[in-house]
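One structure below.
Predicted, not measured: the structure shown is a model, and the values here were computed from it. First the proteins, then the strands, lettered A, B, ... as listed; each starts at 1.
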Number of protein chains: 2
Amino acid sequence: MTSTEQPGGPRPTPQRQAVLDALTGVEDFRSAQEVHELLAGEGSGVGLATVYRALALYADHGLVDVLRREDGEAIYRRCSDTHHHHLVCRSCGATVEVEGPAVEKWTSAIATEHGFSDLSHTLEIVGTCADCRTD
Amino acid sequence: MTSTEQPGGPRPTPQRQAVLDALTGVEDFRSAQEVHELLAGEGSGVGLATVYRALALYADHGLVDVLRREDGEAIYRRCSDTHHHHLVCRSCGATVEVEGPAVEKWTSAIATEHGFSDLSHTLEIVGTCADCRTD
DNA sequence: GTCGGGTTGACAATGATTCTCATTCTCAGT
DNA sequence: ACTGAGAATGAGAATCATTGTCAACCCGAC
């Protein structure tokens, strides 16, 4: 740790880059298992444990978003610069990104009011999209 | 199904009642495992699988809320009549309930705008509470 | 009392995630 | 370029929540 490295920052490695690349260029969320399969299919030979470690590392540093499927499996996505939330179809899994300045403001107001600091929040809207609604 | 039972509705049983009771009178969320241990401690002898089944059943019928801990474990809570969200301290785990009509309105507006119906949403705010903030 | 269908409990099976540890690799200083 | 120190990796085992299986059980209906 000399100067170009952020304190406590992750050391860049080909494997980590591969994991990050796997999340880049896809707008869907990917589970760790999927990332692993994808990399294996490309012959990267990155180990599953490494995928988990890399994802956890990036999630820690705010480079990727983590959320949970309904079955509890963790899914990851490259975090865009603007904080946004997701609208997920419970049937086909389609996701739509939505931004909510109103929500952002509301959460920080509420939290501050209760003396909370260093905030982060998760908002997920689950519903049935127009295509899947067949009644 | 005779008359007082809704078609396909759950049949009331001592075990199910016990599970529901375990969630009553506690304001915290409880994991299925915790409910099971609690019941075992009371000598109820309710099986773990039954706890899971009962919780899933009640969650299906909207009697309990389900959400996920950070480690992915599902936690359940008796659903109150008013939908509310939680402010959680990442350090001491204290939870504060907050209501947000603004959020409710915003989510349903956004979702409808994208053609989504039959909505549900999860909002969790994580931060450090005043007591735990020592700098 | 008997029948039938939902319910239960013990245990196995599944599947994601984490741990372990020996090997490998990166980086900085020489 | 070479080396040493420490971080990172990969393979598989270990962990742990959750779900599936199935025979025994209970409650209400006839």
OP1 or OP2 of C:dT8 versus the side-chain N and O atoms of B:Thr13: is any pair under 4.0 Å?
yes
Closer than 3.5 angstrom, by distance alone: can the side chain of B:Glu42 be matched with the main-chain N or O of B:Leu39 as a donor-acceptor pair?
no
Please state how far atom OH in B:Tyr52 lies from atom P in D:dC16, giving the value in whole angstrom units.
13 Å
If I take atom CG in residue A:Leu57 and atom P in nucleotide D:dA7, what distance separates them, rounded to the nearest angstrom?
13 Å
Indicate, with a heavy-atom threshold strictly under 4.0 Å, whether A:Gln15 touches base, sugar-phosphate, or nothing.
sugar-phosphate
Quickly work out the A:Leu39 CG to D:dT9 P distance and round it to whole Å.
12 Å
CA sep, side-chain torsions, deciding dist, call: B:Leu23, B:Val35, side chain to side chain contact (heavy atoms under 4.5 Å, CB included):
CA-CA 8 Å; B:Leu23 290 179; B:Val35 169; 4.1 Å; yes
Rounded to whole Å, please give me the gap between CG in B:Leu48 and P in C:dA12.
14 Å
In whole Å, I'd like the distance from the CG atom of A:Leu55 to the P atom of C:dA16.
14 Å
Record whether the side chain of B:Arg53 comes under 3.5 Å of the base of C:dG9 through a donor-acceptor pair of N or O atoms.
yes
A:Asp71 CG to D:dA17 P, straight-line distance once rounded to whole Å:
16 Å
Answer with base, sugar-phosphate or nothing: what part of the nucleic acid does B:Thr50 contact at a heavy-atom distance below 4.0 Å?
base
Could you please name the option among D:dT18, D:dG20, D:dT9 that lies closest to any side-chain atom of B:Gln33?
D:dT18
Given C:dT8, D:dG10, D:dA8, the nucleotide with the shortest approach to the side chain of A:Arg16
D:dA8
Please find out if less than 6.0 Å separates the ring center of B:His85 from that of A:His121.
no
Return the 5'-most residue of the pair B:Tyr76, A:Gly45 with respect to DNA chain D, ranking by each residue's nearest nucleotide.
A:Gly45
Protein-nucleotide distance (B:Glu73, atom CD; D:dT15, atom P), rounded to Å
17 Å
Determine whether more than 12 heavy atoms belonging to other residues, nucleotides or ligands lie under 6.0 Å from atom CD of B:Glu70.
no
B:Arg30 has an atom CZ; how far is it from atom C1' of D:dA17, in whole Å?
18 Å
Using modelled atom types and a 3.5 Å cut-off, is there a donor and acceptor pairing between side-chain atoms of A:Arg68 and backbone atoms of A:Gly72?
yes
Of B:Val51 and A:Ala56, the one whose closest nucleotide on DNA chain C sits nearer the 5' end is B:Val51
